[in-house]
Number of protein chains: 2
Amino acid sequence: MSEAAIDAAPERKRGSGVKMVYDLLRDDILDLALLPGSPIDEVQLAERFGMSRTPIREALVRLASEGLVETLPNRSTMVSNIDFLNLHHFFDAITLMYRVTTRLAARARRPEDLQIIRAHQAQFAAAVAAQDALAMISTNREFHAAIAEAARNPYFLNISLRILDDGRRLLRLYYQSFEDRLPQEYVEEHEAIIAAIEARDVELCDRLARAHADQIVRQIQQLFARDHRQDLAL
Amino acid sequence: MSEAAIDAAPERKRGSGVKMVYDLLRDDILDLALLPGSPIDEVQLAERFGMSRTPIREALVRLASEGLVETLPNRSTMVSNIDFLNLHHFFDAITLMYRVTTRLAARARRPEDLQIIRAHQAQFAAAVAAQDALAMISTNREFHAAIAEAARNPYFLNISLRILDDGRRLLRLYYQSFEDRLPQEYVEEHEAIIAAIEARDVELCDRLARAHADQIVRQIQQLFARDHRQDLAL
DNA sequence: TGAATTTTATTTGTCGACAAAAAATAGACA
DNA sequence: TGTCTATTTTTTGTCGACAAATAAAATTCA
């Protein structure tokens, strides 16, 4: 939209353009700055970044194979919709992946993994203290992503990141509602999970991860229930 | 390689080229017609299919985001390697996904799902009867993919397909060794799984899927053990 | 001979242009 | 006026070309 980007430094390193566009579009989609269903104009993006359509297209192809955008043949590509009708699939998947990655992290963790996990947890706690809902959402994602990394299984890591991204989009819809007592409970549950991973207590990790997933599932369900009542009131 | 393709009909539908190249490369990679580590030449492919590099590149980007090829910046893209050192990650993942998808299929299955699953099982049984190892590998993949489809969870489906593809590549390495008694056991286990899904017996599905996964894990481990002995003998 | 440096050749990433396909608009006809 | 058809406009998919980056070859120098 802003013309500034056009005049700005056209000096870019060869190959960096795709990543730049990819990262920015991805963030915008996950933050709902680009709403589900909204079309993406290749030419407009090309002008905005001062590059040709080729790298833009490559970024879109990558986003498409991650399911973040959908491309109809010979027609415009648009931001993927959130499937509100089948949230139980998301709930099933996040519950299982929380459990599996936390269990595996308890087995495979190394000292540096715990450091990284603790760093993200500190940022999450800070976001909760600051009542910064957007920061809560993203740091919470990073916390669980770090656990999935520590689990070291590339298959589970891949699906976990995908689920966490969908969750980020989902929670972003309701970021206003995060000013109740729940976030503090999340902080404490995270601490318990870290301790269990450090103690290599696989069974405890399983129980804690399951309870943690149940917690977030219940919260999302409440948010949606509330939302539906509002819809009916109109 | 063959010059015939160059002269062949240059009449293609707009947009079909990418899919054609993608499908062919994908099959070649999964069948090990393209060996892990071998480089992929864009120009050569472009000439072979009589198209420019643009659609070739798009196909390669798609394959890269599925992890089937790896692209180093400013350097050639090559077929991804199989990580033999960390096969336990594969074993963990396939065991869990067999269990989860079979369980969910028992709950979510519809009549048409069973038809599809049975069709693939029939093809698998035929491949076993014909002692056609390559057909066994691909039809076995389709059988489990059909179960994952019937489970109807897009997250689990996605990771299952990825795991099954890796398994196809892994088994393809040892397709010579399939002339022992194991395939017949697989046929019977598949039948038992189908019956359990039809009966909606979730717990039985879990046990059968786990046993089935254990079976294939054991077989792959044996194949690799045998292979290592051969290496040492040289 | 062998290591370091320059030159050449190959390959990739990006660009601008063009044609096919679809959408939007205008026109014809009842 | 409303519906169907023809025309224009917009947007996508593909192409050939070029320059940056890398690899390979040739040359220099110890």
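So that the names make sense, note that chain A is the first sequence line, chain B the second, and so on, each numbered from 1. Remember, predicted model here, so these are calculated numbers, not experimental data.
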*Is the side chain of S80(A) donor-acceptor paired with the backbone N or O of G67(A) at a distance under 3.5 Å, no angle test?*
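Indeed, once roles are kept as given, a pair shorter than 3.5 Å links the two residues.
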I need the [atom1]-[atom2] distance between [X] and [N], as an integer number of Å.
X: I56(B); N: dT14(D); atom1: CD1; atom2: C1'; answer: 12 Å
X: R75(A); N: dA21(C); atom1: CZ; atom2: C1'; answer: 9 Å
X: E58(A); N: dT14(C); atom1: CD; atom2: P; answer: 7 Å
X: E42(B); N: dT14(D); atom1: CD; atom2: C1'; answer: 15 Å
X: L60(B); N: dT11(C); atom1: CG; atom2: P; answer: 15 Å
X: M78(A); N: dA23(C); atom1: CE; atom2: P; answer: 13 Å
X: K13(B); N: dA22(C); atom1: NZ; atom2: P; answer: 12 Å
X: E47(B); N: dT11(C); atom1: CD; atom2: P; answer: 10 Å

*When you check the phosphate oxygens OP1 and OP2 of dC15(D), does a side-chain N or O of R12(B) lie under 4.0 Å from one of them?*
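Yes, R12(B) has a side-chain N/O under 4.0 Å of OP1/OP2 on dC15(D).
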Ignoring the backbone of [X], work out which of [options] is nearest its side chain.
X: T54(B); options: dT14(D), dT12(C), dT12(D); answer: dT14(D)
X: S76(A); options: dA22(C), dT12(D), dT14(C); answer: dT12(D)
X: R14(A); options: dT12(D), dC15(C), dT12(C); answer: dT12(C)
X: R53(A); options: dC18(D), dT12(D), dC15(C); answer: dT12(D)
X: S52(A); options: dT22(D), dC15(C), dT14(D); answer: dC15(C)
X: V18(B); options: dT11(C), dT14(D), dT14(C); answer: dT14(D)
X: D41(A); options: dT11(D), dT14(D), dT12(C); answer: dT11(D)

*Please work out whether the ring planes of F124(A) and Y186(A) are parallel, tilted or perpendicular, with thresholds of 30° and 60°.*
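Correct class here is tilted.
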_If you assign each of G17(A) and N74(A) to its closest nucleotide in DNA chain C, which residue comes earlier from the 5' end?_
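With G17(A) and N74(A) compared, the 5'-side residue is G17(A).
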*asked:* Once ring pair (Phe, Tyr, Trp, His ring centres under 6.0 Å) is applied, what residue pairs with a partner in residues 59-85 of chain B remain, sequence neighbours excluded?
replied: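 Pairs touching residues 59-85 of chain B that pass the test: F84(B)-F224(B).
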*asked:* So, applying side-chain contact (heavy atoms from CB on, under 4.5 Å) with F49(A), which one of R12(A), M20(A), Q44(A) is it?
replied: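 With F49(A) as partner, side-chain contact (heavy atoms from CB on, under 4.5 Å) holds for just one option, M20(A).
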*asked:* Return the CG to CD1 distance between L164(B) and I137(B), rounded to the nearest 0.5 Å.
replied: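 Reported value, rounded in 0.5 Å steps: 12.5 Å.
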